[in-house]
Asks: 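Next up is a structure, given as structure tokens.
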Amino acid sequence: ACVDQANGGGAGSRDQITAVGSSTVYPFTTMIAEQLVANDPDAKAPVIESTGTGAGMKLFCAGIGAAHPDIEDASRRMKASEYATCAKNGVRDVIEIQVGIDGIAFAEAKNGPKMQLTPTDLYKALAANPGGKVNTARVWRDVNPALPAVPIQVYGPPATSGTRDALAELILTKGCEASDPTAKALGKSDAEAHKALCTRVREDGVYVDAGENDNLIVQKLQSNPNAIGVFGYSYLEENKDDVNGVSISGVAPTYATIADNAYPGSRPLYIYVKKAHLTAIPGLRNLLKLYAANWGATGPLVKRGLIASPAGVQARSAAIIANETVLDPAVLS
Amino acid sequence: MPKPFKPSILKMTARNVSVAYGSKIAINDVSIDVDQDEVVAFIGPSGCGKSTFLRTLNRMNDTVASARVTGEIKLDGQDIYSPDMDVVQLRARVGMVFQKPNPFPKSIYENVAYGPRIHGLAGAKADLDRIVEKSLRRAGLWDEVKDRLSDSGTALSGGQQQRLCIARAIAVDPEVILMDEPCSALDPIATAKIEELIHELRGRYAMVIVTHNMQQAARVSQKTAFFHLGTLVEYGNTSDIFTNPREERTKDYITGRYG
Amino acid sequence: MPKPFKPSILKMTARNVSVAYGSKIAINDVSIDVDQDEVVAFIGPSGCGKSTFLRTLNRMNDTVASARVTGEIKLDGQDIYSPDMDVVQLRARVGMVFQKPNPFPKSIYENVAYGPRIHGLAGAKADLDRIVEKSLRRAGLWDEVKDRLSDSGTALSGGQQQRLCIARAIAVDPEVILMDEPCSALDPIATAKIEELIHELRGRYAMVIVTHNMQQAARVSQKTAFFHLGTLVEYGNTSDIFTNPREERTKDYITGRYG
Amino acid sequence: MSPIALLFLVLGLGLIGWLTARVRATRFRAGSTVRFSSLPSHHGWYVALWTAIPPLVFLVVWSMTAPALVTDAVLATPAAIQLPPPGFDRASILSEARSLADGRSFGAFHGLARTLAPSYAAAQSRYDWIATAAALLLAFAGGALAFTRVKPGFGARTQVERVVMLMLLGASLIAILTTVGIVASLLYESARFFSVVPITDFLFGTHWSPQVIDARDPGASLGAVPLFWGTFFIGAVIAMIVAIPFGLMSAIYLTQYAAPNTRKWMKPILEVLAGVPTVVYGYFAALTVAPAVRDLAVSVGISWASSESALAAGLVMGIMIIPFVSSMADDSIAAVPSSMRDGSLAMGATSSETIRRVLLPAALPGVVGGVLLAVSRAIGETMIVVMAASGVATLTLNPFASTTTVTKQIVDLLTGEAEFDSPKTLAAFALGLTLFVVTLLLNIVALRVVKRYREAYE
Amino acid sequence: MSDTLVPQIPVTNAEPVRRVPTDWTTQAMQSRIRRRYASERRFRFAGLAAVWLSAAFLAYLLITMVMQGASGFVETRVSLPVDLAAAKLPIEPARLVGRGADLALAGAGLEGTVDLAATKAFGKDGTDLLSDGAWAVVRDAIKADPSLLQRRTVFEVPVSSPIDVAAKGNGTRDAEAIVARLKASGALTRGFNAGFLTSADSTDATRVGIWGAFKGSLLTMIVTLLLAFPIGVLSALYLEEYAPKNRWTDLIEVSINNLAAVPSIIFGLLGLAVFLGTFGMPRSAPIVGGLTLALMTMPVIVIAGRNAIKAVPPSIRDAALGIGASPVQVVFHHVLPLALPGILTGTIIGMARALGETAPLLMIGMRAFIAAPPSGLADPATVLPVQIFLWSDQVSRGFVEKTSAAIIVLLVFLLAMNGVAIYLRNRFETRW
Ligand SMILES: Nc1ncnc2c1ncn2[C@@H]1O[C@H](COP(=O)(O)OP(=O)(O)OP(=O)(O)O)[C@@H](O)[C@H]1O
Ligand SMILES: Nc1ncnc2c1ncn2[C@@H]1O[C@H](COP(=O)(O)OP(=O)(O)OP(=O)(O)O)[C@@H](O)[C@H]1O
Ligand SMILES: [Mg+2]
Ligand SMILES: [Mg+2]
């Protein structure tokens with residue numbers, strides 16, 4: 001009799017939606033939340049916290065109940081290890097919805113050297129140990145004779161950020177495997193060694209960790225025309241007066257090129273929802289419907305600098321929402 | 001000056017009292033009697049323990065954490081260090097006046113009324129008014145302050161403040177009044193006033209006064225105790241002590257050989 | 001006690017000096033002469049302005065923002081309040097000793113050497129040693145401290161500290177020494193030592209001493225000035241003031257009617 | 001009866017107890033000439049406490065257990081059979097029913113909740129009556145018991161004062177609890193961290209790059225020395241280079257030279273510097289100072305200067321610390337007895353000589369203690385470095401290069417996108433523990449120094 | 001007053017020794033004096049410079065914030081003709097009163113009507129010119145005057161963030177072109193952005209407000225004050241007045257002194273591990289923020305309190321004890337009233353610090369986006385400084401001025417609190 005079942009095991013109940021997770025999905029989720037409140041003045045305003053994907057996963061997977069968030073914004077797919085933790089804590093039925101795409105973009109100041117790069121160039125310029133040797137490249141010409149003798153100076157996200165993960169995964173690994181044929185095999189046999197070889201970024205001041213504040217990167221680019229910045233596509237969009245996108249393998253970062261994956265550096269964005277919460281939390285189902293209503297190519301998602309998923313993906317996601325299909329952990333890596 | 005043949009009534013008695021601050025012994029084996037209607041003066045060089053001993057008489061030393069008192073002190077035959085003695089009541093019965101005048105930063109009226117209030121000595125406001133007036137009169141301050149009872153006590157001159165403190169002590173109707181160098185912060189005129197007051201209060205309250213000033217001791221007291229290095233060197237009639245001390249040390253001190 | 005027929009050399013003269021703290025007048029129209037080899041005592045009840053006047057003599061009142069001095073004070077005929085008077089030099093020439101001994105928290109040696117150092121009076125270390133020793137000897141402290149010159153000055157007893165302060169003042173070889181109740185914080189024995197010292201220094205420095213203690217004034221000074229409520233009531237030979245005061249107020253004060 | 005009403009009822013009873021006991025005590029005092037140890041109001045308080053405290057304690061315990069009892073009662077009703085099995089859904093329906101029953105909400109999200117609401121209300125009121133009865137019983141029993149003790153010789157004051165003392169003691173124990181809480185929570189998580197990463201690797205390793213952690217040797221990229229250096233460099237070197245001279249000279253000027261009026265105005269103005277929130281400094285450092293510092297560096301030819309230079313963060317932090325140093329210095333100088341100053345001035349020393357040769361040496365221990373406290377403040381400062389310093393751990397002596405600090409890494413590690421429960425998040429707690437220990441030691445030393453110094457002049 | 005009681009001094013009759021006074025007028029002496037004065041002036045100037053530079057930095061900081069932030073209180077509006085009669089919204093006027101009004105208007109497609117009107121008035125991209133909150137202006141107007149539904153009205157609605165930024169002279173080229181066009185047609189006006197003070201966070205820079213964060217701060221501060229003040233004052237009293245000298249007391253004292261200097265972020269870690277982790281309290285809630293900050297503020301109050309209590313002269317305690325006041329009476333009748341101004345000063349300063357604190361609240365999740373102000377202590381909320389931190393990180397340029405504007409609001413409160421503390425201190429700076 002000591003346990004109050006109205007408290008769901010002591011953690012209380014709650015009548016507003018809570019979401020945690022990636023700072024990239026955050027703007028979109030906040031906007032959806034705003035709409036929810038605007039459409040129904042009686043609804044309590046959802047609480048959306050930008051914790052980063054990893055820390056968000058930790059909160060999300062801590063359990064079922066009022067004390068734990070309903071939604072996780074993720075700028076990458078849930079990892080199998082994360083799912084395992086979820087399951088261990090009773091969070092078994094998780095709905096995975098892809099809501100859009102984010103592109104990481106390379107940019108330089110308007111008066112910059114109009115660089116044309118490839119993933120291999122970037123890998124050779126930025127990796128700590130390209131090809132297993134300590135990186136000594138100082139100017140771009142060192143990595144590719146076709147490039148100008150401009151000092152390598154790249155402002156990018158910190159190690160803890162999702163954009164950085166994307167940089168490592170989408171650009172560096174690609175460049176690594178392109179330039180070093182053994183890398184791919186290594187990836188299968190020894191994941192750790194592969195990671196160290198391909199994704200470890202040099203720390204000798206060439207790559208400048210510019211903090212999560214991408215606005216700052218834009219400013220820095222303006223004051224340092226030789227530098228290249230790495231940030232979410234939305235910032236490029238927002239600041240296209242001040243900075244130019246840098247073409248990678250001849251493709252300039254634009255909405256279209258990122259949407260069709262021509263520009264390397266696009267990654268899907270997800271939200272994860274606990275099925276068990278759908279019935280318990282007022283408004284949660286409505287919120288999911290609002291996601292679907294807003295992720296169109298002309299909708300607010302794009303206004304927020306993100307990129308709409310291809311139509312097929314959108315349809316699949318909409319079906320998941322409608323059927324409340326739960327995620328099959330087998331697909332996770 | 002002391003009247004020679006009046007039968008005396010013992011008010012306080014101290015027997016073999018020693019006081020230590022931590023391991024430092026400040027008073028060693030002192031015995032003294034205080035009579036009902038006498039003024040006793042404590043003299044002695046600085047640091048000899050006069051204040052310490054004085055403060056054992058109303059247990060003000062309880063506030064010093066390191067102080068340990070042994071021996072026996074009785075007030076009207078009752079041991080004041082016995083566990084069933086209520087310190088608060090004891091201090092109401094054995095009042096104290098300090099070296100530096102220390103009126104509360106409240107009005108003159110409130111200064112005097114505070115004691116009666118906390119001890120519940122006055123039922124109605126009129127009672128309280130009466131007590132305040134009586135006490136101020138006894139302290140010889142009434143005429144000077146009657147028109148400004150609501151002024152702050154700290155706005156008075158030093159001598160007036162000290163008399164206010166005496167009035168405050170009188171207000172709870174104590175039986176003994178202890179004074180620790182009450183005049184040392186005052187100018188000669190104020191001093192004279194206080195001395196006069198002590199003369200007037202004598203008989204009504206037993207009084208013990210610590211003083212640095214030997215002339216003052218000679219002027220106001222009937223008995224004098226001379227302390228030195230924590231011991232009581234000599235205790236007797238003031239006239240004897242000053243004219244015909246028994247002990248060499250007393251004589252040396254009085255004639256200014258040391259101090 | 002003062003020798004009657006020695007020709008006197010005027011060292012300091014004050015003419016119509018008034019001092020106000022803000023709007024409060026602390027000294028009103030005081031004129032006084034200080035002779036080369038005399039000790040002048042200032043007496044008077046508390047708050048009458050003795051310290052205030054003393055501090056105008058070496059412009060220590062400059063440090064009190066609200067203090068305003070009018071009138072004329074001359075040292076060897078030179079107006080000390082004139083704009084081209086250098087305060088720093090003035091204070092080196094007119095030294096001062098305070099009520100509470102205030103040695104610097106440095107070694108005894110450094111305490112005494114401080115003045116000579118800042119004024120550049122000693123070229124070499126040996127010079128400085130000599131000055132320190134001479135000053136400590138004059139202050140009667142040398143024998144007591146010569147083995148522990150590097151101990152802190154604050155570790156000395158009160159009386160020794162006060163003599164250290166005198167030694168410190170002497171070290172810059174002043175012409176006048178002002179002392180503001182130099183003994184009031186000391187016990188009688190230390191007081192006696194200081195009084196003795198004053199006797200010995202007389203003639204070498206003109207001295208002005210403020211005291212609360214009339215016997216002390218009588219013992220150490222040749223001239224006495226009696227202040228009351230900011231005015232100079234009477235100024236004259238000490239023997240006259242104490243045996244045969246001209247003013248009624250002086251007499252009343254000296255005989256203890258007020259104070 | 002609702003808990004609030006009950007609370008007021010109990011307090012009301014306490015008041016009645018107070019009044020009656022007071023009247024009784026006044027009555028037996030009247031006409032008596034004996035001195036009493038306690039005033040009538042003491043007796044009043046004694047009875048009031050006895051009347052109010054037992055039912056209040058009961059109500060606290062009750063309010064923790066009663067909801068569960070009520071829910072159980074509701075679960076026993078027939079309608080409850082439709083409830084889903086125990087779990088979050090069930091809890092949410094039940095709690096909705098409860099808020100409907102309490103009148104806290106109107107619309108229901110779950111239909112079942114509306115069905116259950118009446119039985120909730122019924123059970124609720126049943127238990128409320130039980131609580132009311134029990135509380136009143138306790139109040140009356142306690143009050144009556146206390147009332148019988150109101151006698152002339154009874155030391156009510158001592159009893160009441162004992163309660164007051166217990167309150168005071170309880171309040172001061174909170175500080176210990178807090179400390180224990182901090183130490184325990186940091187130690188627990190750090191212990192987990194150190195079970196993965198050897199403590200020596202963490203404390204003495206010179207390579208910090210949590211981006212890729214090698215599972216075989218996690219310590220290799222979690223060596224915190226660069227963080228310690230960065231923290232020290234920004235907080236204890238650059239910030240102090242700004243704060244000490246400015247703080248000390250301001251304190252000296254304001255205490256020794258400034259006219260009272262200037263002082264009256266300037267001191268609070270400087271204190272405002274300490275009152276500006278750190279997030280504002282951080283914003284300012286990131287948006288204004290950092291670019292300016294970089295531009296300056298570039299203009300003197302240091303083209304690689306980072307816009308997240310240690311200098312920018314340190315400068316702003318130093319400015320933030322100025323008033324802290326200044327007020328510590330001010331206190332220390334003020335603690336030097338004014339007779340020292342007078343003594344020196346009377347020797348013919350100028351003001352600056354007096355300050356440099358007498359006041360400052362005398363105040364030195366206090367100033368040093370103050371500076372240590374300021375350092376501990378600076379190295380624990382978070383927002384400025386979060387917003388203005390970089391995340392790259394470098395061992396550099398160059399103020400234009402970027403460095404990171406312990407606090408910045410804690411925030412990054414705990415709010416970043418990293419995988420969780422790896423050594424990364426635990427590392428934040430290990431860093432927190434290190435920071436805590438270091439500031440603790442600094443403080444203990446500083447407070448010792450300051451205390452000993454104060455005692456010298458007391 | 002017999003002289004016999006005072007030690008007598010033997011009178012020396014030796015002739016005093018004459019001496020040669022130091023010659024202060026020599027060249028060497030004079031130049032030495034000049035050097036000393038020069039160094040005096042340099043020293044003094046250094047002090048003055050330190051003070052002025054510090055003050056100048058403060059001024060620079062404040063002026064920068066005001067210059068950047070002032071425009072945050074201003075919004076740009078555009079005249080938008082809306083023909084509500086033609087739109088034929090399905091709304092019965094009867095539903096336009098009371099709680100249902102918002103729901104009715106939201107459901108009636110008012111938003112679409114406004115978008116349509118925008119397209120009609122400004123062309124294909126017309127909706128991009130309007131703030132997301134534009135339709136709410138129309139809604140509120142209708143609520144105030146339902147008869148608007150029957151006619152065509154020109155509303156002054158806020159423009160979208162890029163246009164707003166451009167109108168304030170800082171926008172992109174495209175936006176500036178649009179602004180120039182609208183200005184020429186006289187459609188743009190400016191007005192006080194009341195919404196900034198009354199609404200909560202939003203994703204659209206033109207709709208954001210600080211009220212939500214402010215209310216969060218308020219609730220947090222209430223919890224902090226209610227906990228920290230009594231606990232702080234009581235512990236200060238205990239330690240200063242009653243605590244026996246023993247190991248426990250030492251432990252308490254050491255704890256408090258150290259807590260006062262523990263970095264605030266550590267308190268965040270504590271809150272995260274203990275309040276959220278162990279006690280399972282709600283994330284992002286003012287009650288947790290308040291608790292965390294209370295633990296942080298309490299030692300500040302204890303230390304200030306102890307200093308204030310220490311400053312009450314012991315003679316007052318002696319006086320009260322001497323006439324038989326009990327230790328509790330001494331403290332509550334005399335010591336506490338006299339120490340109160342000092343304690344209050346310390347409390348206000350501690351509270352001001354708590355109000356400006358950010359780092360620990362980040363750790364306990366008070367950094368969430370919440371589009372509505374909190375209504376209770378357990379409701380998720382954010383606080384002003386965290387709101388500033390969040391906005392400083394926003395992509396949209398419109399947030400720059402809002403960040404500074406929020407800083408202005410925060411600073412106004414902090415300066416006011418500091419001002420009160422300073423006033424209290426000056427007013428009651430009594431020395432007994
Ligand atoms: N609170 C205390 N803790 C430790 N030692 C103390 C304390 N109070 C007094 N003493 C010591 O006890 C001795 C006696 O002190 P006491 O104050 O009684 O002397 P006194 O005769 O009153 O001196 P004075 O004439 O200077 O007032 C002194 O050596 C003093 O240092
Ligand atoms: N700094 C000051 N500001 C304002 N008033 C002052 C100041 N110093 C002294 N006074 C006032 O000037 C008057 C003379 O004071 P002064 O200290 O000269 O008296 P004193 O004769 O030396 O007294 P005591 O014997 O107590 O030392 C007093 O009324 C005093 O209150
Ligand atoms: Mg004494
Ligand atoms: Mg004086």
Side-chain angles (χ1 to χ4, degrees), chain A residues 7 9-12 14-20 23 26-51 55 59 62-63 65-69 211-216 218 231-232 234-242 300 303-305, chain E residues 99-107 111 127-128 132-133 135-136 139 160-162 171-176 200-204 207 212 276-277 279-285 362 365-375 378-382 389-390 392-400:
Chain A
N7 263 343
R14 141 163 86 65
D15 47 8
Q16 78 271 71
I17 298 163
T18 59
V20 293
S23 53
Y26 170 85
F28 185 50
T29 299
T30 52
M31 205 176 52
I32 301 295
E34 233 175 9
Q35 284 204 10
L36 182 80
V37 181
N39 291 348
D40 175 7
D42 275 347
K44 284 199 94 177
V47 177
I48 296 128
E49 199 182 330
S50 147
T51 59
L59 292 166
H68 310 291
E212 300 268 13
N213 190 338
D214 292 351
N215 278 330
L216 282 176
V218 174
F231 38 60
S234 52
Y235 287 83
L236 180 62
E237 182 74 19
E238 181 73 18
N239 295 288
K240 44 180 190 274
D241 277 1
D242 301 321
K303 259 196 190 170
R304 287 290 173 268
Chain E
R99 281 168 51 87
D102 283 352
L103 203 57
L105 284 165
E111 207 175 344
T127 48
D128 288 349
D132 290 356
W135 72 280
R139 179 189 67 191
S160 69
S161 182
T172 58
R173 234 167 297 124
D174 298 351
E176 267 171 6
D201 200 2
S202 168
T203 55
D204 179 353
R207 292 182 77 187
L276 300 188
F279 296 161
M281 296 174 93
R283 228 178 133 75
S284 314
L362 295 182
M366 290 193 83
R367 44 178 288 166
F369 171 86
I370 306 151
S375 54
D379 271 9
T382 184
F389 178 63
L390 290 177
S392 76
D393 228 13
Q394 283 286 343
V395 190
S396 162
R397 289 182 195 214
F399 276 97
V400 173

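The analysis underlying the following values was restricted to heavy atoms, covering all of them including side chains, and did not include hydrogens, waters or symmetry mates. Residue numbers begin at 1 in each chain, while the letters A, B, ... track the order of the sequences.
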Asks: Quick check for you: to the nearest 0.5 Å, what is the distance between A:Glu34 atom CD and E:Asp201 atom CG?
Replies: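 Result: 8.0 Å between the selected atoms.
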Asks: Let me know if A:Leu36 has heavy atoms under 4.5 Å from chain E in its side chain, its backbone, both or neither.
Replies: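 Neither part.
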Asks: Quick one: OG1 on A:Thr51 to CZ on E:Arg283, what's the gap to the nearest 0.5 Å?
Replies: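 Output value for this atom pair is 7.0 Å.
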Asks: Just give me the residue among E:Ala368, E:Ser202, E:Ala200 that pairs up with chain A most often, heavy atom to heavy atom, under 4.5 Å.
Replies: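 If we count pairs closer than 4.5 Å to chain A, E:Ala368 comes out on top.
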Asks: Atom CG in E:Asp132, atom CD in A:Gln35: separation rounded to 0.5 Å?
Replies: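 These two atoms lie 8.5 Å from each other.
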Asks: Given that the side chain runs from C-beta out, which part of E:Ser284 has a heavy atom under 4.5 Å from chain A: side chain, backbone, both or neither?
Replies: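 For E:Ser284, the side chain is the part near chain A, not the backbone.
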Asks: Could you work out, with side chain to side chain donor-acceptor pair (under 3.5 Å) as the rule, every residue matching E:Thr127, not counting sequence neighbours?
Replies: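 Counting only residues at least two positions away or on another chain, E:Thr127 forms no side chain to side chain donor-acceptor pair (under 3.5 Å).
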Asks: Is the shortest heavy-atom distance from the side chain of E:Ile370 to the side chain of A:Gln16 under 4.5 Å?
Replies: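 Counting from C-beta outward, E:Ile370 and A:Gln16 never come under 4.5 Å.
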Asks: Name the region of E:Arg173, side chain, backbone, both or neither, that has any atom closer than 4.5 Å to a heavy atom of chain A.
Replies: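 Both the backbone and the side chain of E:Arg173 come within 4.5 Å of chain A.
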Asks: Does any heavy atom of chain A fall under 4.5 Å from the side chain of E:Pro380, the backbone, both, or neither of them?
Replies: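 Answer is both: backbone and side chain atoms of E:Pro380 are under 4.5 Å from chain A.
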Asks: Minimum heavy-atom separation for E:Ala371 and A:Ala45, please, with both atom names.
Replies: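 Scanning both residues, the minimum pair turns out to be N-CB, 3.8 Å.
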Asks: Who pairs with A:Ser50 by side chain to side chain donor-acceptor pair (under 3.5 Å), at least two apart in sequence or on another chain?
Replies: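 A:Ser50 satisfies side chain to side chain donor-acceptor pair (under 3.5 Å) with no other residue.
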